[in-house]
J.: 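Pasting a structure below so you can have a look.
As a basis for the values below, the full set of heavy atoms in this structure was taken, side chains included, without hydrogen atoms, waters or symmetry mates. Remember, predicted model here, so these are calculated numbers, not experimental data.
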Amino acid sequence: MQEFVRRNIKVMVVDAPEEVGRQTARLTAEVIKTHDSPTLGMCTGGTAVPIYRELIGRWSERQFSFQSVTTFNLDEYYPVHPKEPFSYQHFMRDELFRHVDIPTAHVHFPNALTHDPEEACGIYEDLIRKRGGMDLILLGIGSNAHIGFNEPGTPRDSRTRRVTLDESTRQANARFFAALEEVPQHALTMGIATIMDARKVVLSAYGANKVEAIENTLTKDPSAEVPASFLQEHPDCTFVLDREAAASVLE
Ligand code: F6R
């Protein structure tokens, strides 16, 4: 493993996607083990799969329990029924929650059935705040450097809100749907400021299609054009990358 710091971000480079999952799960397990009632921010998508597989493995070896863990997912398509197979609630149930001992009442998503997204997003922010904030947030990154569904152009002070997905994001996520037309146009997402409030951030990425996003994030000054670049201003941010995703920033 290669480790270095770029623009205030700790970067770990490993050989393969499975190892990205292993290292991210190790960092997550550390937070779970060292907090009495840890609060975690959760991502979904392809990057999350090896992370959650590893976490399930560690949980089944009884390294820790999820009984006292509370989760807040980063985002959800809008509008969407939680039972839809492409919903992020469904993804989280399938990939993590149904395999471990997390109490259902500890699991949170933005309300993607609401008729009043503004109110629902405000409620979500309040819930996170009342819970004392997130100890750790797990992130993936889009090939346009979005985090959550904060697409290029998102300001640093954004909070949980309804957003319109970029065409490139809809195309990238079409692999989880029968056809591109079925990918929702909108989502509810935590904002950049919500993410930055987490006490620790771990962003994971693998594969050649993330190389440009990683390069821009780790070499350019923070700006709304590269949403992940705001993470340079976070006091405790780690990137876990495979060699392909890190190709243009390797020393
Ligand atoms: C998902 C999320 C997104 C993804 C990103 C990468 O909850 O917040 O930012 O992390 O689009 O997606 P994958 O991992 O599928 O390449």
J.: What about Leu136 and Val240, same hydrophobic cluster or not, with Ile/Leu/Val/Met/Phe/Trp/Tyr joined at side-chain heavy-atom distances under 4.5 Å?
T.: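 Cluster IDs for Leu136 and Val240 match.
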
J.: If you compare all heavy atoms of Tyr52 against all heavy atoms of Cys43, which two are closest, and at what distance to 0.1 Å?
T.: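 Closest approach of Tyr52 to Cys43, heavy atoms only: OH-O, 2.7 Å.
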
J.: Does a salt bridge link Glu61 with Arg58, judged by any charged N lying under 4.0 Å from a carboxylate O?
T.: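 Salt bridge absent between Glu61 and Arg58.
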
J.: Take Gln185 and Arg170 through the side chain to side chain contact (heavy atoms under 4.5 Å, CB included) test and state the conclusion after the steps.
T.: CA-CA 8 Å; Gln185 305 277 352; Arg170 293 185 62 247; 3.8 Å; yes

J.: As an exercise, state the distance from CG of Leu55 to CD of Glu95, rounded to the nearest 0.5 Å.
T.: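 Leu55 atom CG to Glu95 atom CD measures 12.0 Å (nearest 0.5 Å).
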
J.: Has Ser158 got a side-chain atom pairing as donor or acceptor with Gly191's backbone, closer than 3.5 angstrom?
T.: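 Checking the backbone N and O of Gly191 against the side chain of Ser158, no donor-acceptor pair under 3.5 Å is found.
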
J.: Can you check side chain to side chain contact (heavy atoms under 4.5 Å, CB included) on Asp116 and Glu118, steps first, answer last?
T.: CA-CA 6 Å; Asp116 188 343; Glu118 201 175 320; 3.8 Å; yes

J.: Under 4.5 Å between side-chain heavy atoms, counting indirect links through other Ile/Leu/Val/Met/Phe/Trp/Tyr residues: same cluster for Ile214 and Ile9 or not?
T.: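 Result: yes, single cluster for both.
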
J.: Can you tell me how far the CG atom of Leu250 sits from the CZ atom of Arg6, to the nearest 0.5 Å?
T.: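 Result: 8.5 Å between the selected atoms.
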
J.: Under the side chain to side chain contact (heavy atoms under 4.5 Å, CB included) test, which residues partner Ala172, sequence neighbours left out?
T.: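 Checked Ala172 against side chain to side chain contact (heavy atoms under 4.5 Å, CB included); zero matches.
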
J.: Please round to the nearest 0.5 Å and tell me the distance separating atom CD1 of Ile137 and atom CG of Leu139.
T.: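 Between atom CD1 of Ile137 and atom CG of Leu139 there are 5.0 Å.
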
J.: To the nearest 0.5 Å, tell me how far Thr164 OG1 sits from His186 NE2.
T.: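 With rounding to 0.5 Å, OG1 (Thr164) is 3.5 Å from NE2 (His186).
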
J.: With sequence neighbours excluded, give me every salt bridge (Lys or Arg N to Asp or Glu O under 4.0 Å) pair touching residues 227-243.
T.: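 Passing the test, one end in residues 227-243: Lys10-Asp236, Asp15-Arg243, Arg156-Glu233, Lys200-Asp236.
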
J.: Give the minimum heavy-atom separation between Ile141 and Ala228, together with the two atoms involved.
T.: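 Reported closest heavy-atom pair: CD1-CB, 3.7 Å.
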
J.: Can Val100 be reached from Leu138 by stepping across I, L, V, M, F, W or Y side chains whose heavy atoms are under 4.5 Å apart?
T.: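 Yes, same cluster.
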
J.: So which pairs with a foot in residues 208-222 pass salt bridge (Lys or Arg N to Asp or Glu O under 4.0 Å), sequence neighbours left out?
T.: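 Sorted result for residues 208-222: Arg7-Asp221.
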
J.: By the definition side-chain contact (heavy atoms from CB on, under 4.5 Å), identify the one residue from Ile147, Leu203, Val226 that meets it with Thr217.
T.: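 The side-chain contact (heavy atoms from CB on, under 4.5 Å) with Thr217 is passed solely by Val226 among Ile147, Leu203, Val226.
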
J.: Taking it one step at a time, do Phe91 and Arg93 satisfy side chain to side chain contact (heavy atoms under 4.5 Å, CB included)?
T.: CA-CA 6 Å; Phe91 175 97; Arg93 239 185 343 264; over 6 Å; no

J.: In terms of hydrophobic clustering (I, L, V, M, F, W, Y; side-chain heavy atoms under 4.5 Å; direct or indirect links), are Ile32 and Met134 co-clustered?
T.: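 Shared cluster, no.
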
J.: Please report the closest heavy-atom contact between Pro117 and Leu188, naming both atoms and the distance.
T.: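 Residues Pro117 and Leu188, closest heavy atoms: CB-CD2, 4.0 Å.
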
J.: Is the distance from the ring center of Phe86 to that of Phe177 below 6.0 Å?
T.: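 Yes; Phe177 has its ring centre under 6.0 Å from that of Phe86.
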
J.: Going by side chain to side chain donor-acceptor pair (under 3.5 Å), name the pairs with one or both residues in residues 24-36, residues two or more places apart or in two chains.
T.: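 As it turns out, the side chain to side chain donor-acceptor pair (under 3.5 Å) pairs with a partner in residues 24-36, which skip direct neighbours, are Gln23-Arg26, Thr24-Ser204, Arg26-Glu30.
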
J.: If you measure from CG on Leu241 to OH on Tyr206, what distance do you get to the nearest 0.5 Å?
T.: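 Taking CG in Leu241 and OH in Tyr206, the distance rounds to 13.0 Å.
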
J.: Cluster question for you: counting only ILVMFWY and a side-chain heavy-atom cut-off of under 4.5 Å, with indirect links fine, are Leu218 and Met12 together?
T.: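 Result: no, two separate clusters.
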
J.: Please determine which of Thr189, Thr160, Asn111 meets the side-chain contact (heavy atoms from CB on, under 4.5 Å) test together with Cys121.
T.: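 Of the listed options, the one satisfying the test is Thr160.
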
J.: Taking only residues two or more places apart in sequence or in another chain, which ones pass ring pair (Phe, Tyr, Trp, His ring centres under 6.0 Å) with His108?
T.: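 With sequence neighbours excluded, His108 shows a ring pair (Phe, Tyr, Trp, His ring centres under 6.0 Å) to Phe72, given in chain and number order.
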
J.: What's the shortest heavy-atom distance between Trp59 and Phe64, and which atoms?
T.: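 Closest approach of Trp59 to Phe64, heavy atoms only: CD1-O, 3.3 Å.
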
J.: For Arg98, which residues count as a salt bridge (charged side-chain N to carboxylate O under 4.0 Å, His left out) partner, sequence neighbours excluded?
T.: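 Arg98: salt bridge (charged side-chain N to carboxylate O under 4.0 Å, His left out) contacts with Asp94.
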
J.: Measure across Tyr124 and Phe109 and return the closest heavy-atom pair with its distance rounded to 0.1 Å.
T.: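 Reported closest heavy-atom pair: CE1-C, 3.2 Å.
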
J.: Under the side chain to side chain donor-acceptor pair (under 3.5 Å) definition, can you give me all pairs with a residue in residues 67-77, not counting sequence neighbours?
T.: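 Those involving residues 67-77 are Thr70-Arg131, Tyr77-Tyr88, Tyr77-Asn173.
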
J.: Return the CG to CD1 distance between Leu231 and Ile192, rounded to the nearest 0.5 Å.
T.: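 With rounding to 0.5 Å, CG (Leu231) is 7.0 Å from CD1 (Ile192).
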
J.: Give me the atom names and distance for the closest heavy-atom approach of Ala205 to Ala245.
T.: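 For Ala205 versus Ala245, the nearest heavy atoms are O-CB, 3.9 Å.
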
J.: For the backbone of Met190 and the side chain of Glu125, can you confirm whether one donor and one acceptor N or O come within less than 3.5 Å of each other?
T.: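 Checking the backbone N and O of Met190 against the side chain of Glu125, no donor-acceptor pair under 3.5 Å is found.
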
J.: Answer yes or no: is there a donor N or O on one side and an acceptor on the other, between the side chain of Ser60 and the main chain of Ile56, under 3.5 Å?
T.: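 Such a contact is found between Ser60 side chain and Ile56 backbone.
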
J.: In chain order, what residues pass the salt bridge (charged side-chain N to carboxylate O under 4.0 Å, His left out) check against Glu18, with sequence neighbours excluded?
T.: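 For Glu18 there are no salt bridge (charged side-chain N to carboxylate O under 4.0 Å, His left out) partners, ignoring immediate neighbours.
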
J.: Which residue pairs satisfy the ring pair (Phe, Tyr, Trp, His ring centres under 6.0 Å) criterion with at least one member in residues 224-251, sequence neighbours excluded?
T.: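 Every pair satisfying ring pair (Phe, Tyr, Trp, His ring centres under 6.0 Å) with a residue in residues 224-251: there are none.
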
J.: Considering only residues two or more places apart or on different chains, which pairs with a residue in residues 133-150 satisfy side chain to side chain donor-acceptor pair (under 3.5 Å)?
T.: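 Counting only pairs at least two positions apart or across chains, the side chain to side chain donor-acceptor pair (under 3.5 Å) contacts touching residues 133-150 are Asp135-Arg199, Asn144-His146, Asn144-Glu151, Asn144-Asp166, His146-Glu151, His146-Thr169, Asn150-Arg161.
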
J.: Give a yes or no answer on whether the side chain of Tyr78 reaches the backbone of Pro184 with a donor-acceptor pair at less than 3.5 Å.
T.: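 No: the side chain of Tyr78 does not pair with the backbone of Pro184.
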
J.: Among residues at least two apart in sequence or on other chains, which ones pass salt bridge (charged side-chain N to carboxylate O under 4.0 Å, His left out) with Glu225?
T.: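 Salt bridge (charged side-chain N to carboxylate O under 4.0 Å, His left out) check on Glu225 returns nothing, list empty.
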
J.: Considering residues at least two apart in sequence or located in another chain, which fulfil the salt bridge (charged side-chain N to carboxylate O under 4.0 Å, His left out) criterion with Asp101?
T.: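 In terms of salt bridge (charged side-chain N to carboxylate O under 4.0 Å, His left out), with neighbours along the sequence ignored, Asp101 is linked to no residue.
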
